[in-house]
Amino acid sequence: MPSQREDYLLRLIRQAAEALRRLREALTGEASAGEVERQADAAIGELLGPRYQLLSSLDPLSAASLVADPRRIELWADLIRVQAAARRKSGDESAAAALEARALALERSLPPGAPSSGAPSSGAPS
């Protein structure tokens, strides 16, 4: 039987995966890049909780070690890729490249064979 903490984490993961799906759709639609980026930031805040600002300021390896849940790290990286796509859509290629590098570094911090969130890992709209 899952613990309350596991139930909470699973709920967070489901919510973040749904936000990721909606944001990817928004990128291909009429939503502004700025709005998509703000919504992705809010979803990351929900996923990471009160330590969001701290985790965002740390290097990816340190941040990932504090999060410690591979599913949350993977979704975090995917949401960062959505932010990168939004930046690219608004013409800010250098910021997009920096965000993609952070997402990749977060994914590389995952141990081999780590459980997946089940969300497709491409930030590019499908």
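Any value given below was found using the heavy atoms of this structure, including those in side chains, with hydrogens, waters and symmetry copies removed. Just so it is clear, the model here is predicted, and its values are computed rather than measured.
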Could you report the tightest heavy-atom contact between [X] and [Y], atom names first, then the distance?
X	Y	value
Ala26	Ala31	O-CB, 3.6 Å
Ser56	Arg102	O-NH2, 3.4 Å
Leu27	Ala85	CD1-CB, 3.6 Å
Ser90	Ala33	CB-CB, 3.9 Å

> Which distance, rounded to the nearest 0.5 Å, do you find between the CZ of Arg72 and the CD1 of Ile44?
Replying inline: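 So the gap between those two atoms works out to 12.5 Å.
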> Nearest 0.5 Å, what's the CD1-CZ distance between Ile13 and Arg11?
Replying inline: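 Ile13 CD1 to Arg11 CZ: 11.5 Å, rounded to 0.5 Å.
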Answer yes or no: is there a side-chain heavy-atom contact under 4.5 Å between [X] and [Y]?
X	Y	value
Leu104	Arg81	yes
Val67	Leu106	no
Arg88	Glu100	yes
Gln83	Leu23	no

> Taking it one step at a time, do Asp78 and Glu107 satisfy side-chain contact (heavy atoms from CB on, under 4.5 Å)?
Replying inline: CA-CA 9 Å; Asp78 288 340; Glu107 284 183 335; 4.0 Å; yes
Indicate if [X] and [Y] have the same hydrophobic cluster label, given that clusters are the connected sets of ILVMFWY residues with side-chain heavy-atom separations under 4.5 angstrom.
X	Y	value
Leu9	Leu79	no
Leu75	Leu110	yes
Tyr52	Leu66	yes
Ile80	Leu61	no
Leu48	Leu54	yes

>> Main chain of Val82, side chain of Arg24: is a donor-acceptor contact present, judged purely on distance under 3.5 Å?
In response: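 Side chain of Arg24 to backbone of Val82, a donor-acceptor pair under 3.5 Å: no, none is there.
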>> Just to verify, what does Glu25 make a side-chain contact (heavy atoms from CB on, under 4.5 Å) with, not counting sequence neighbours?
In response: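 Arg21.
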> Can you name the salt bridge (charged side-chain N to carboxylate O under 4.0 Å, His left out) partners of Asp92, sequence neighbours left out?
Replying inline: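 So Asp92 forms a salt bridge (charged side-chain N to carboxylate O under 4.0 Å, His left out) with Arg87.
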> Would Lys89 and Glu35 pass as an ion pair if we require N to O under 4.0 Å?
Replying inline: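 Salt bridge: no.
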>> Tell me whether Glu46 at atom CD has more than 12 heavy atoms from other residues, nucleotides or ligands lying less than 6.0 Å away.
In response: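 Not more than 12 within 6.0 Å, no.
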